[in-house]
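Below: one structure, written as structure tokens.
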Amino acid sequence: MRIELGHISAIFRYPVKSMAGEKLDTAELGWDGIEGDRRFAFRRLADRSAFPWLTASRLPELLLYKPIGRRDTAGEPLPTHIRTPDGREYGLTDEALRKEIADRHRAEVELMRLRHGIFDEATVSVIAWATIRSITRGAGHDADVRRFRPNVVIDTQGAQSFEEDQWVGKIVEFGSEGTGPDISITMRDKRCVMVNFDPDTAESDAEMMKTVIRMNDNYAGVYGTVIRTGELRVGQLVSLR
């Protein structure tokens with residue numbers, strides 16, 4: 001059975017892991033998620049674990065670095081430069097940028113590009129606008145979607161917070177039946193300290209994560225894998241089956 005959920009209210013891409021995201025009107029959803037999403041990351045050279053990537057959980061100021069410019073490489077939109085928190089601009093692969101981030105982190109790093117992306121759990125993250133609004137209100141903050149770093153935000157008809165939990169094991173369709181991409185919802189999104197950071201200042205407020213824990217056992221939103229590719233666009237119909 002197919003149920004109409006609502007429509008897309010926002011789309012985001014994060015070209016460099018843990019740096020500022022790009023808000024989009026349209027985006028191509030491929031087998032490796034939104035094209036150009038999380039294709040770069042800084043690797044901590046001293047870390048030999050399975051997750052060596054430098055993230056804002058270790059260096060909150062990463063959130064204040066903004067990928068800018070665009071080049072289309074192998075069909076993907078990728079950034080050409082990075083604007084630093086103090087307004088300087090470096091080429092993405094400039095040694096000066098790498099050194100600045102290493103100095104802030106106080107350990108050596110190197111920029112890596114992975115063709116299939118660098119994801120925590122799955123290639124696409126989705127959250128309902130009602131969930132964002134409920135959490136931020138409970139924590140005493142304005143409803144800023146950027147704290148949650150989703151790919152797709154859905155304005156659902158029911159406007160019920162945490163309704164995404166019920167989507168696990170089902171298919172989310174975008175567009176009229178058979179005309180847009182589909183994702184299979186595989187798991188709930190367990191949150192980390194990233195939600196605590198103000199995306200404009202990198203200042204932390206632990207009340208954000210405490211609120212997610214109190215309201216929904218630290219889950220907000222869901223992850224999915226792409227089972228049909230196509231174009232996403234703001235305002236697009238979203239259904240569940």
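The environment of CZ in Arg58 is sparse: at most 12 heavy-atom neighbours from other residues, nucleotides or ligands sit within 6.0 Å. More than 12 heavy atoms of other residues, nucleotides or ligands shown are found within 6.0 angstrom of CG on Asp86.
When all heavy atoms of Ser161 and Ala130 are compared, the pair lying nearest together is CB-O, 3.8 Å. Residues Met194 and Arg149 come closest through the heavy atom pair CE-CD, 3.4 Å. Heavy atoms only, all atoms of each residue included: Ala122 and Gly224 are closest at CB-O, 3.5 Å. The shortest non-hydrogen separation linking Ala56 to Phe197 is O-CE1, 3.4 Å. Considering all non-hydrogen atoms of both residues, Val124 and Asn151 come closest at CA-OD1, 3.5 Å. Across Ser184 and Ile227, no two heavy atoms sit closer than the pair CB-CG2, 3.9 Å.
A salt bridge between Glu95 and Lys99 is absent, with no side-chain N of the basic residue lying under 4.0 Å from a carboxylate O of the acidic one. Salt bridge present: Lys17 and Asp120 bring a charged side-chain N and a carboxylate O closer than 4.0 Å. Ion pairing between Asp94 and Arg98 fails under the 4.0 Å rule for side-chain N and carboxylate O. Note on Asp200 versus Arg146: salt bridge recorded, some NZ/NE/NH1/NH2 to OD/OE distance being below 4.0 Å.
Between the side chain of Thr156 and the backbone N or O of Leu5, no donor-acceptor pair lies under 3.5 Å. Looking at Thr211, its side chain does come within 3.5 Å of a backbone N or O of Glu207 through a donor-acceptor pair. Put simply, the side chain of Arg191 gets close to the backbone of Ala220: a donor and an acceptor are under 3.5 Å apart.
Atom CD1 of Ile132 and atom CG of Asp142 lie 13.0 Å apart (nearest 0.5 Å). To the nearest 0.5 angstrom, Gln236 atom CD is 8.5 Å from Ser176 atom OG. To the nearest 0.5 Å, atom OG1 of residue Thr229 and atom CD1 of residue Ile183 are 13.0 Å apart. The CG atom of Asn196 sits 7.5 Å away from atom CE of Met208, with the distance rounded to the nearest 0.5 Å. Taken to the nearest 0.5 Å, the CG atom of Asp182 stands 11.0 Å off from the OG1 atom of Thr225. How far CZ of Phe42 is from CG of Leu54: 8.5 Å, rounded to the nearest 0.5 Å.
For the residue pair Thr84/Glu89, the side-chain donor-acceptor check at 3.5 Å is not satisfied. There is no side-chain donor-acceptor pair under 3.5 Å between Arg39 and Tyr14. For Glu164 and Tyr223, the side-chain atoms include no donor-acceptor pair closer than 3.5 Å.
Shown here are the salt bridge (Lys or Arg N to Asp or Glu O under 4.0 Å) partners of Arg70, two or more places apart in sequence or in another chain: Asp72. With sequence neighbours excluded, the residues satisfying side chain to side chain donor-acceptor pair (under 3.5 Å) with Thr55 are Ser57. Scanning for salt bridge (Lys or Arg N to Asp or Glu O under 4.0 Å) contacts around Glu231 gives an empty result, with sequence neighbours left out. Taking Glu173 as the reference, Arg2, Arg241 meet the salt bridge (Lys or Arg N to Asp or Glu O under 4.0 Å) condition, with sequence neighbours excluded.
Cluster membership check: Ile118 does not share its hydrophobic cluster with Ile82, using side-chain heavy-atom separations under 4.5 Å among Ile, Leu, Val, Met, Phe, Trp and Tyr. Val195 and Met215 end up in the same hydrophobic cluster when Ile, Leu, Val, Met, Phe, Trp and Tyr side chains are linked at under 4.5 Å. Hydrophobic clustering, with ILVMFWY side chains joined whenever heavy atoms are under 4.5 angstrom apart, groups Phe12 together with Trp129. By the rule that hydrophobic residues join a cluster once side-chain heavy atoms approach within less than 4.5 Å of another member, Met112 and Tyr65 end up as members of separate clusters. Both Val226 and Val222 sit in one connected hydrophobic cluster of ILVMFWY residues. Membership requires side-chain heavy atoms under 4.5 Å apart, directly or through other members.
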Problem set entry | Stepwise salt bridge (Lys or Arg N to Asp or Glu O under 4.0 Å) test for Glu100 and Arg88 | CA-CA 11 Å; Glu100 177 174 323; Arg88 287 176 293 169; 3.0 Å; yes
Exercise. Hey, mind stepping through Ile8 and Val238 against side chain to side chain contact (heavy atoms under 4.5 Å, CB included) and telling me if it holds?
Worked result: CA-CA 7 Å; Ile8 294 178; Val238 183; 3.7 Å; yes
For this session: Start with the C-alpha distance between Val152 and Leu232, add both sets of side-chain angles, then the distance that settles side chain to side chain contact (heavy atoms under 4.5 Å, CB included), and finish with yes or no.
Result: CA-CA 9 Å; Val152 181; Leu232 298 172; 3.9 Å; yes
For this session: Start with the C-alpha gap between Phe148 and Val153, add the side-chain angles, then the distance that decides, and say whether side chain to side chain contact (heavy atoms under 4.5 Å, CB included) holds.
Result: CA-CA 10 Å; Phe148 298 85; Val153 183; over 6 Å; no
Exercise. Going through the distances and angles, do Phe119 and Asp37 end up as a side chain to side chain contact (heavy atoms under 4.5 Å, CB included)?
Worked result: CA-CA 9 Å; Phe119 303 100; Asp37 187 42; 3.5 Å; yes
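Annotation: salt bridge (Lys or Arg N to Asp or Glu O under 4.0 Å) contacts involving residues 152-162, sequence neighbours excluded, are absent.
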Cut-off 3.5 Å, no hydrogens considered: what does the side-chain donor-acceptor table look like for residues 19-35, sequence neighbours left out?
from  : atom 1 : to     : atom 2 : distance (Å)
Glu22 : OE1    : Arg13  : NE     : 3.0
Asp32 : OD1    : His116 : ND1    : 3.4
Asp32 : OD2    : His116 : ND1    : 2.9

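Put simply, the side chain of Asp144 reaches to within 4.5 Å of the side chain of Pro199, judged on heavy atoms. By the 4.5 Å heavy-atom criterion applied to side chains, Leu237 and Phe174 are not counted as neighbours.
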